[in-house]
Amino acid sequence: MQNPIFIGSEIYRHSTYGSKHPLAIPRVSTVMDLCRALGWINSENYRVSPRAKPGALHRFHTPDYIDALQAAERAQSVSDDVRSTYALGTLSNPVFPEMYRRPATAAGGSMLGAELIRDGGIVYNPAGGTHHGLPDRANGFCYLNDPVLAILTLLRMGLDRIVYVDIDAHHCDGVEAAFQGLETVRMISIHEARRWPFTGKLDDGAGGAAFNLPVSRNLNDDEFGAILDQLILPAAEAFKPQALVLQCGADAVAEDPLSRLALSNNSHWKAVAALKGLAPRVLVLGGGGYNPWSVGRLWTGVWATLNDLDIPEVLEADAQAILDALTWNRAAGRNPPIHWLRTLRDAPNHGPIRPELKEDLRRLTGRISQ
């Protein structure tokens, strides 16, 4: 493949987890609309995501769990036993009309993405990145674990050096559990310390398979730049990856309600630009992100970065109209700042590199050559 491929679906446009859930907001549909308005996706570089069939999902998820998930969607209710056994019908993982079809579509997109890069190339599935899902239960808004399913697809192709990088604000507990101790997958996760799911401690190496860096509140762009240059890139390069999977969760930016980090979207784009050339096969996924403006703008910029496209300083009227039409049932959504409506790029958030981060990086980088 010469050009990156964007995987999307209309299922995300009107599907939400419920009006009170953090995922009540449009995300992937906003990215699709912005990219189309900017002339960045067309019939040649866009693929409609297939819905993964149960048999494909059984590569990671247990058949009884997939059966329970499908049954819950059909009935639009769960019993107390199903709720306690599979964590379905909870506040985090509610019953909603597409509770099987939507995550199965995201998983199908990530598995398709892995197949499309069999012979090399770049694929972007912003609906992917549901990194908390467990084999036999929902977890942290994630009913399925598409990053695991995508990596398993790559392994089934015969690849044996896969790097998974996760820059979501929350630790990738489901992915780490899936590949604990595996010599064929190297996981690198940057996430907020003392935040749910409270895993991914600095000294947790997942049996030698992971580099975990929990970071303090108010992480700034300069600190992220140090992490990228001193940990992410060297640890990825040293593994000589045949494929790289990047989970690009948008909840580490300053405006997100579910973290206390302070990155601008420039940090994510810098990571994408630096990582996309490290392996002949690259799959980029979405993830967290709970402010409709910051998610849509950030993930649209990811697609621009993958294609080496110039990001306009000011959007044209049709793209601005897409951002103007967004709503958010939070105080910050009542009077959004002008840059959320008129441009994709945030102002950089510069700052000092704190001594504790320097020490944590020193400890982790000492493991890279081991």
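- Of the candidates L357, I188, I232, L357 is the only one forming a side-chain contact (heavy atoms from CB on, under 4.5 Å) with L213.
- Across every non-hydrogen atom of M111 and A56, the tightest pair is CE-CB, 4.0 Å.
- If you take CZ on R161 and CG on L154, they are separated by 13.0 Å, rounding to the nearest 0.5 Å.
- For E183, there are no side chain to side chain donor-acceptor pair (under 3.5 Å) partners at least two apart in sequence or on another chain.
- You'll find the ring centres of Y290 and F141 inside the 6.0 Å limit.
- No salt bridge links R363 with D203; every basic N to acidic carboxylate O contact stays at or beyond 4.0 Å.
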May I have the step-by-step check of side-chain contact (heavy atoms from CB on, under 4.5 Å) for V123 and I7, ending in yes or no? CA-CA 7 Å; V123 171; I7 296 178; 3.5 Å; yes
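- Other members of a hydrophobic cluster containing V314 are absent, since no ILVMFWY side chain comes under 4.5 Å of it, directly or through relayed contacts.
- Q76 pairs by the side chain to side chain contact (heavy atoms under 4.5 Å, CB included) definition with E73, V95, P97, not counting sequence neighbours.
- With hydrophobic clusters built from ILVMFWY side chains whose heavy atoms lie under 4.5 angstrom apart, F198 does not share a cluster with V215.
- Scored by the salt bridge (Lys or Arg N to Asp or Glu O under 4.0 Å) test, D64 finds no partners at all (sequence neighbours excluded).
- Counting non-hydrogen atoms of other residues, nucleotides and ligands closer than 6.0 Å to CZ of R156 gives a total of 12 or fewer.
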Would you list the atom pairs, donor with acceptor, under 3.5 Å between side chains in residues 248-255 and any protein atom, with sequence neighbours excluded?
residue, atom, partner, partner atom, Å
D251, OD1, A169, N, 2.8
D251, OD2, H170, ND1, 3.0
E255, OE2, W340, NE1, 3.4

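- Under a cut-off of 6.0 angstrom, the local environment of CG in N42 is crowded, with over 12 non-hydrogen atoms contributed by other residues, nucleotides or ligands.
- The two residues S49 and T105 come nearest to each other via the heavy atoms OG-O, 2.6 Å.
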Tabulate below the donor-acceptor pairs under 3.5 Å that side-chain atoms of residues 125-136 make, not counting sequence neighbours, or state none.
residue, atom, partner, partner atom, Å
N125, ND2, A106, O, 3.2
N125, ND2, S110, OG, 3.0
T130, OG1, L144, O, 2.9
T130, OG1, D146, N, 3.4
T130, OG1, D146, OD1, 2.5
H131, ND1, D166, OD2, 2.7
H131, ND1, Q247, NE2, 3.4
H132, ND1, H171, O, 3.4
H132, ND1, D173, OD1, 2.6

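- For L155, the side chain to side chain contact (heavy atoms under 4.5 Å, CB included) test picks out I151, L152, I162, F179, L182, T184, V185, with sequence neighbours left out.
- Both cation-pi conditions hold for R36 and Y46: the charged atom is under 6.0 angstrom from the six-membered ring centre and inside a 45 degree cone around its axis.
- Residues satisfying the salt bridge (Lys or Arg N to Asp or Glu O under 4.0 Å) test with R281, not counting sequence neighbours, are none.
- T327 is linked by a side chain to side chain contact (heavy atoms under 4.5 Å, CB included) to nothing, counting only residues two or more places apart in sequence or in another chain.
- By the salt bridge (Lys or Arg N to Asp or Glu O under 4.0 Å) test, D308 is found to be paired with K276, residues two or more places apart in sequence or in another chain being considered.
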Applying salt bridge (charged side-chain N to carboxylate O under 4.0 Å, His left out), run through E115 and R118 and close with a yes or a no. CA-CA 5 Å; E115 293 167 359; R118 177 188 299 271; over 6 Å; no
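- Within the model, atoms CG of N307 and CD1 of I122 stand 7.5 Å from one another, a figure rounded to the nearest 0.5 Å.
- Figure legend: cation-pi geometry between R367 and F211, with NZ or CZ positioned under 6.0 Å from the six-membered ring centre and within 45° of its axis.
- Scanning for side chain to side chain donor-acceptor pair (under 3.5 Å) contacts around R195 gives E192, with sequence neighbours left out.
- Within a 6.0 Å sphere centred on CZ of R217, heavy atoms belonging to other residues, nucleotides or ligands number 12 at most.
- Within 6.0 Å of CD1 in I338 there are more than 12 heavy atoms belonging to other residues, nucleotides or ligands.
- Nearest heavy atoms, Y100 versus I66: CE1-CG2, 4.2 Å.
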Report the C-alpha separation of V245 and M187 in whole Å, then their side-chain angles, then the decisive distance to 0.1 Å, and conclude whether the side-chain contact (heavy atoms from CB on, under 4.5 Å) test is met. CA-CA 10 Å; V245 178; M187 298 169 282; over 6 Å; no
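- A donor atom on one side chain and an acceptor atom on the other are found under 3.5 Å apart for N212 and E176.
- Annotation: the span from R345 atom CZ to L315 atom CG amounts to 11.5 Å, rounded to 0.5 Å.
- In this structure, N93 and Y143 approach most closely via the heavy-atom pair C-OH, 3.0 Å.
- No single ILVMFWY cluster, assembled from side-chain heavy atoms under 4.5 Å apart, contains both W196 and Y17.
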Would you please test Y164 and L246 for side-chain contact (heavy atoms from CB on, under 4.5 Å) and show each step? CA-CA 6 Å; Y164 174 76; L246 170 62; over 6 Å; no
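- The closest side-chain donor-acceptor pair between N266 and S264 falls under 3.5 angstrom.
- Each of D346, D221, D222 was evaluated against S267; a single residue qualifies, D221, per the side chain to side chain donor-acceptor pair (under 3.5 Å) test.
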As a quick check of understanding, evaluate side-chain contact (heavy atoms from CB on, under 4.5 Å) for V272 and L306, giving each step before the final call. CA-CA 7 Å; V272 171; L306 290 173; 3.5 Å; yes
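- Using the six-membered ring where Trp is involved, Y124 and W303 have ring planes that are parallel, under 30° apart on the 30 and 60° scheme.
- Looking at residues two or more places apart in sequence or on another chain, you find a side chain to side chain contact (heavy atoms under 4.5 Å, CB included) between A37 and D318, A319, I322.
- L263 contributes atom CG, which lies 9.0 Å from atom CD of E223 (distance to the nearest 0.5 angstrom).
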